[in-house]
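Single-structure report; data block below.
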Amino acid sequence: MRVAGIGIVRIVGLMALAATLTACEAAPPTLTIGSKNFTEQDLLGELVARWIESTTDIEVERRLHLGGTFICHQAMLSGDIDMYVEYTGTALAAILELDEPRTPSGVLETVRREYGDRFGLVWTEPLGFENTFAILVRASMADSLQLSRLSQAAAHTPDWTPGFGFEFVERADGLPGLSAAYGIQFGAAPRVMDLGLTYRALAAGDVDLIAGNSTDGQIELLRLRMLEDDRSYFPPYFAAPLVRQDALARFPELRAALRDLGGRISTHEMRRLNAAVDVEGRDYRQVAEEWVKHNAPIGNGGRNP
């Protein structure tokens, strides 16, 4: 009896194990999409995820708001995420640590080649907009000092308190290089804070100059003024989905879906989407969902968004 009982237990255990293995084999693979930790990136991560879900049969997992550029880059290299949206100038300067080229097509060609050779990562079609660093001051201050260019602002910076996001202070294409290019010196150490807080700190007069994003919806609302980069310090920063090569191999329909998404988001449109979240207080998931519903092709064979 005892022997028979043990045999039954073993059989039941083997059946359970076989069922588990079958379920694992049947479970569809998932594509993991990440993002950096600010509004535009959350929006783009969700927008790209919903676009893929609506135009293909790929199962998507989201890991949004991960952190800065270097955290997302390492997550890609380790395979923790399969893709995220990156900016060409950020890749050129911060990751590859290159100064040239400076044309949009030249930068894209360079990052495509170097990322493929060094990291096994693929730059797909740019989404259609550029989000460069926006060096911002209050519009009232720009008017009173007659400032429109960064080279003009350098004479005043010893009297100013700057406020920057964490990455801008450290990145090769951030504060150190900008200061050298324009001879900028500040009388007080920069106040380092979350990027999203810098805009209101500037508007409130807590700081006098910040490095924001040119597509941010708060610039107009808070009456801030972007100073012209008249020495062309910043490279082009066009946004594009960055994907692991093995993910493109696992999901053959992914490449075409991203190709169809390319060029669909203008700078004006991205600024509008950002404003919907940061100014109107809407949830980024809802904003992304509405955009995909209005822009995804009909009759594509994927699931409804």
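Just so you know, these numbers use all the heavy atoms, side chains as well, and skip hydrogens, waters and symmetry mates. For the single chain, residues carry numbers from 1 onward in sequence order.
The same ILVMFWY cluster, assembled from side-chain heavy atoms under 4.5 Å apart, contains both Leu127 and Leu47. Note: the hydrophobic cluster containing Tyr115 also contains Phe70 (ILVMFWY, side chain heavy atoms under 4.5 Å, direct or indirect links). Met76 and Leu66 fall within the same hydrophobic cluster, where Ile, Leu, Val, Met, Phe, Trp and Tyr residues are linked whenever their side-chain heavy atoms come under 4.5 Å apart, directly or through other members. Residues Leu108 and Leu248 do not share a hydrophobic cluster, clusters being chains of Ile/Leu/Val/Met/Phe/Trp/Tyr side chains in contact below 4.5 Å. Both Phe168 and Phe166 sit in one connected hydrophobic cluster of ILVMFWY residues. Membership requires side-chain heavy atoms under 4.5 Å apart, directly or through other members.
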Evaluate ring-ring contact (aromatic ring centres under 6.0 Å, His included) for Phe119 paired with His73, printing each intermediate quantity in order.
CA-CA 10 Å; Phe119 310 125; His73 181 66; 4.7 Å; yes
Please determine whether side-chain hydrogen bond (donor to acceptor under 3.5 Å, both in side chains) holds for the pair Tyr182 and Asp229, giving the CA-CA distance in whole Å, both sets of side-chain angles, and the decisive distance to 0.1 Å.
CA-CA 10 Å; Tyr182 284 96; Asp229 177 19; 2.5 Å; yes
Going through the distances and angles, do Arg225 and Arg138 end up as a side chain to side chain contact (heavy atoms under 4.5 Å, CB included)?
CA-CA 6 Å; Arg225 184 75 51 80; Arg138 288 180 294 281; over 6 Å; no
Under the criterion side chain to side chain contact (heavy atoms under 4.5 Å, CB included), I'd like the reasoning laid out for Ile219 against Asn213: C-alpha separation, chi angles, the key distance, then a yes or no.
CA-CA 9 Å; Ile219 294 175; Asn213 294 323; over 6 Å; no
After noting the C-alpha distance and the side-chain angles of Ile52 and Leu31, does the key distance pass the side chain to side chain contact (heavy atoms under 4.5 Å, CB included) rule?
CA-CA 10 Å; Ile52 292 169; Leu31 176 77; 3.7 Å; yes
Where do Gln41 and Asn37 land on the side chain to side chain contact (heavy atoms under 4.5 Å, CB included) test, with the steps shown first?
CA-CA 7 Å; Gln41 280 279 305; Asn37 57 346; over 6 Å; no
Applying salt bridge (charged side-chain N to carboxylate O under 4.0 Å, His left out), run through Glu290 and Arg285 and close with a yes or a no.
CA-CA 9 Å; Glu290 290 177 359; Arg285 289 172 286 259; over 6 Å; no
Test side-chain hydrogen bond (donor to acceptor under 3.5 Å, both in side chains) on Asn274 and Thr39 and set out the steps.
CA-CA 7 Å; Asn274 285 330; Thr39 296; 6.0 Å; no
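Rounded to the nearest 0.5 Å, atoms CZ (Arg264) and OG (Ser266) are 13.0 Å apart. Taken to the nearest 0.5 Å, the CG atom of Leu44 stands 10.5 Å off from the NZ atom of Lys36. Note that the CG atom of Asp216 and the CG atom of Leu195 stand 7.5 Å from one another [nearest 0.5 Å]. Atoms OG1 and CD, on Thr267 and Glu130 in that order, are 7.0 Å from each other to the nearest 0.5 Å. Interatomic distance, CG of Leu150 versus CG of Asp230, reported as 6.5 Å (0.5 Å rounding). Rounded to the nearest 0.5 angstrom, Tyr199 OH and Leu224 CG are separated by 8.5 Å.
Between Phe186 and Asp208 there is no side-chain heavy-atom pair separated by less than 4.5 Å. Side-chain contact between His156 and Leu145: present, with at least one pair of heavy atoms (C-beta onward) separated by less than 4.5 Å. At a threshold of 4.5 Å between non-hydrogen side-chain atoms, the residues Val122 and Met83 do not count as touching. Leu242 is not listed as a side-chain neighbour of Val85, based on a closest heavy-atom distance of 4.5 Å or more. Side-chain atoms of Pro241 and Tyr84, non-hydrogen and from C-beta on, never get closer than 4.5 Å to each other. A heavy-atom distance below 4.5 Å is not found between the side chains of His294 and Glu289. By the 4.5 Å heavy-atom criterion applied to side chains, Met226 and Ser214 are counted as neighbours.
Within a 6.0 Å sphere centred on CD of Glu100, other residues, nucleotides and ligands contribute more than 12 heavy atoms. At most 12 non-hydrogen atoms from other residues, nucleotides or ligands lie less than 6.0 angstrom from CD of Glu220. More than 12 heavy atoms of other shown residues, nucleotides or ligands fall within 6.0 angstrom of atom CD in Glu253. Heavy atoms from other residues, nucleotides or ligands lying under 6.0 Å from CZ of Arg200 number 12 at most. The environment of CZ in Arg113 is crowded: more than 12 heavy-atom neighbours from other residues, nucleotides or ligands sit within 6.0 Å. The environment of Glu109 atom CD is sparse: at most 12 non-hydrogen atoms of other residues, nucleotides or ligands sit within 6.0 angstrom. In Gln185, the CD atom is not crowded: 12 or fewer heavy atoms of neighbouring residues, nucleotides or ligands sit closer than 6.0 Å.
Aromatic ring pairs are classed by plane angle as parallel below 30°, tilted from 30° to 60° and perpendicular above 60°; the pair Trp51 and Trp291 is tilted.
Between Gly67 and Cys72, the shortest heavy-atom contact is O-SG, 4.1 Å. Taking both residues in full, the closest heavy atoms of Ile33 and Leu64 are given as O-CD2, 3.8 Å, listed atom of the first, atom of the second, then distance. Residues Val287 and Ala276 approach most closely at CG2-CB, 3.9 Å, considering heavy atoms. The nearest pair of heavy atoms linking Thr132 to Phe234 is OG1-CB, 3.9 Å. When all heavy atoms of Thr69 and Arg171 are compared, the closest pair comes out as OG1-NH1, 3.5 Å. In terms of heavy atoms, Thr88 sits closest to Val111 at O-CG1, 3.8 Å.
Under the side chain to side chain donor-acceptor pair (under 3.5 Å) rule, Thr215 has a single partner from Glu269, Glu40, Arg272, which is Glu40. Each of Thr124, Asp82, Ile81, Leu121 was checked for a side-chain contact (heavy atoms from CB on, under 4.5 Å) with Val243, and the lone residue meeting it is Thr124. Among the candidates Asp99, Thr90, Leu92, the single residue satisfying the side-chain contact (heavy atoms from CB on, under 4.5 Å) test with Pro235 is Leu92. The side-chain contact (heavy atoms from CB on, under 4.5 Å) test with Ile135 is passed by exactly one of Ile184, Ile210, Leu178: Leu178.
Distance alone, capped at 3.5 Å, is enough to place a donor-acceptor pair between the Gln152 side chain and the Arg149 backbone. Under a 3.5 Å cut-off, the side chain of Gln146 and the backbone N or O of Ala142 do not form any donor-acceptor pair. When atom types are taken as modelled, the side chain of Asp42 and the backbone of Ser35 share no donor-acceptor pair closer than 3.5 angstrom. Between the side chain of Thr56 and the backbone N or O of Glu53, no donor-acceptor pair lies under 3.5 Å. Checked by atom type and distance alone, the side chain of Tyr233 pairs as donor or acceptor with a backbone atom of Gly174 at under 3.5 Å. Here the side chain of Thr103 pairs a donor or acceptor atom with the backbone of Gly106 at under 3.5 angstrom.
No close placement of the Phe129 and His268 rings is indicated, their centers lying 6.0 Å or farther apart.
For the 3.5 Å distance criterion, the side chains of Tyr237 and Glu86 fail to qualify, holding no donor opposite an acceptor.
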